[in-house]
Amino acid sequence: TFHRPLPEHGAVKWAYLQKLRVGHDFKWSFRLTIDAPVRVATETEMEDFVAIHLGWRLLSSGAMRVAVWESSGGETGEICLSPELLERDFRRSELESRRKNDLNAFHPRLRDWVEARLPYMSEEWTAKVENLYMWKSPERFRDLSVWWRTHRLHDDAEMFTALDEWRKSDKHLCQRVQVLLDNIQGTRTLLYRQTLLRMARKYNNIVLADVQYNELARREEHDEPIVQTNQQRRNARLVSPGKFTEYAAEYFAGRVIKVSARGITAICNDCTHYNMELDREYQWVECESCSAEFDQDLNALRNTIDAMSQA
């Protein structure tokens with residue numbers, strides 16, 4: 001089934017059949033590139049720009065605010081992931097933790113069993129279980145289980161059965177995780193694409209802070225004093241800001257305005273003071289200099305618009 005209807009009067013430009021390894025199984029997908037006529041507003045209808053700040057945080061409603069935006073005409077809005085989607089991601093995280101805990105509980109048992117028999121094992125077996133105490137990937141244990149079927153040992157029934165039962169349980173959990181992940185990513189992609197398509201039809205340009213999110217995720221330091229908790233990192237993976245900017249570049253081809261991200265959140269838009277001790281966990285903070293209270297994301301959005309005006 002298609003995750004969204006094909007556009008009316010669209011022409012298929014490319015078709016792709018893709019095979020991906022997903023845990024224990026393979027996933028096939030069929031992708032189409034469609035050339036479809038898009039109704040774009042006339043020059044007199046279109047507003048000059050829409051500025052967007054990506055600053056994900058959990059709201060009291062249970063939704064996660066991905067971004068805030070403001071147009072040159074004064075329109076404002078938010079882009080949010082629903083509480084239902086966050087609940088699905090929480091279930092996915094729980095299942096991932098269960099997979100990890102099950103393997104961590106089984107690993108020492110298998111390691112001790114192998115070490116007790118290592119002096120009597122064949123060279124083939126010795127090579128197969130080399131450095132087993134260091135194994136972390138479920139795929140290695142799964143491969144051992146499959147290989148073991150045709151390389152049975154004397155008096156191995158109990159451990160062979162235990163490993164095979166773990167393999168079956170892990171496969172089931174892996175499939176459940178993948179179903180949830182596909183649903184989460186599909187829902188998020190549809191939200192981002194539909195939002196940006198509507199904006200591209202209405203605004204001449206999109207204004208974004210120049211942040212390399214993939215690089216930022218690998219670094220502990222940036223131009224701003226950013227300290228992320230594990231939960232904040234998980235939220236960043238769920239939001240996938242890099243995907244949002246990728247789609248923005250697609251829909252606003254040649255119409256993306258980038259401004260410097262330095263101090264975009266830390267600088268108070270009221271007094272221009274650079275706040276060194278901002279706690280990114282909180283939505284509302286107080287300026288160290290003028291004591292003004294501000295929503296960090298809205299403050300960053302106003303700084304983005306100001307930076308564009310001064311460029």
Side-chain angles (χ1 to χ4, degrees), residues 17-29 85-188 214-220 227-240 242-243:
L17 186 61
Q18 188 176 42
K19 179 183 180 183
L20 294 175
R21 181 69 176 264
V22 180
H24 298 260
D25 298 307
F26 291 97
K27 176 185 175 183
W28 290 88
S29 62
L85 187 138
L86 268 63
E87 172 61 27
R88 290 196 291 273
D89 188 63
F90 178 74
R91 294 204 306 271
R92 178 205 58 78
S93 180
E94 282 191 323
L95 291 173
E96 288 281 22
S97 296
R98 181 176 166 186
R99 286 187 69 200
K100 183 177 180 180
N101 292 337
D102 287 353
L103 181 56
N104 288 342
F106 178 72
H107 189 184
R109 181 182 171 192
L110 177 62
R111 179 199 62 208
D112 293 345
W113 186 91
V114 168
E115 288 180 352
R117 290 159 178 78
L118 203 56
Y120 315 105
M121 287 182 172
S122 66
E123 291 184 3
E124 190 177 17
W125 254 97
T126 301
K128 188 66 179 178
V129 297
E130 185 178 10
N131 296 326
L132 184 143
Y133 69 95
M134 297 176 60
W135 290 8
K136 296 182 181 296
S137 170
E139 284 72 23
R140 299 198 70 174
F141 292 88
R142 181 205 66 208
D143 291 343
L144 175 62
S145 176
V146 174
W147 179 85
W148 198 339
R149 296 173 188 172
T150 55
H151 298 78
R152 299 297 298 271
L153 298 171
H154 174 69
D155 194 29
D156 69 352
E158 181 179 352
M159 184 52 62
F160 172 78
T161 300
L163 178 59
D164 194 53
E165 289 176 350
W166 167 85
R167 180 189 61 80
K168 292 175 182 177
S169 174
D170 186 70
K171 178 179 180 179
H172 177 64
L173 292 174
C174 185
Q175 290 171 336
R176 291 175 62 189
V177 167
Q178 191 59 44
V179 168
L180 287 169
L181 188 60
D182 288 345
N183 181 277
I184 291 165
Q185 292 177 343
T187 302
R188 183 189 65 207
N214 292 336
E215 180 182 348
L216 182 60
R218 295 190 295 266
R219 292 162 49 190
E220 288 296 326
V227 178
Q228 296 192 85
T229 65
N230 289 334
Q231 183 59 52
Q232 287 171 329
R233 292 190 183 95
R234 285 194 293 270
N235 290 344
R237 287 194 291 269
L238 171 62
V239 169
S240 189
K243 282 293 183 184

Interatomic spacing from CG in D182 to CD in Q178 - rounded to 0.5 Å: 4.5 Å
Side-chain heavy atoms of D170 within contact of F141, under 4.5 Å: no
Contact summary for W166 and P138, nearest pair of heavy atoms: CH2-O, 3.5 Å
Set of side-chain contact (heavy atoms from CB on, under 4.5 Å) partners for Q185, sequence neighbours left out: L181, R188
L103 side, atom CG; L173 side, atom CG - distance, nearest 0.5 Å: 11.5 Å
Report all side-chain donor-acceptor pairs from residues 86-98 shorter than 3.5 Å, counting only partners two or more places apart or in another chain.
{"unit_1": "R88", "atom_1": "NE", "unit_2": "N183", "atom_2": "OD1", "d": "2.5"}
{"unit_1": "R88", "atom_1": "NH2", "unit_2": "N183", "atom_2": "OD1", "d": "3.2"}
{"unit_1": "D89", "atom_1": "OD1", "unit_2": "R92", "atom_2": "NE", "d": "3.0"}
{"unit_1": "D89", "atom_1": "OD1", "unit_2": "R92", "atom_2": "NH2", "d": "3.3"}
{"unit_1": "S97", "atom_1": "OG", "unit_2": "S93", "atom_2": "O", "d": "3.1"}

T150: partners by side-chain contact (heavy atoms from CB on, under 4.5 Å), with sequence neighbours left out: none
Check: V114 and Y133 side chains under 4.5 Å, non-hydrogen atoms: no
Gap between atom CZ of F106 and atom CD of E165 - 0.5 Å precision: 9.0 Å
Side chain H107, main chain M134, donor-acceptor under 3.5 Å: no
Partners passing side-chain contact (heavy atoms from CB on, under 4.5 Å) against N104 (at least two apart in sequence or in another chain): K100
Set of residues satisfying ring-ring contact (aromatic ring centres under 6.0 Å, His included) with respect to F160, sequence neighbours excluded: W148
Any L110 side-chain heavy atom under 4.5 Å of V129 side chain: no
Side chain to side chain donor-acceptor pair (under 3.5 Å) partners of residues 110-130, not counting sequence neighbours, each pair once: E124-H151
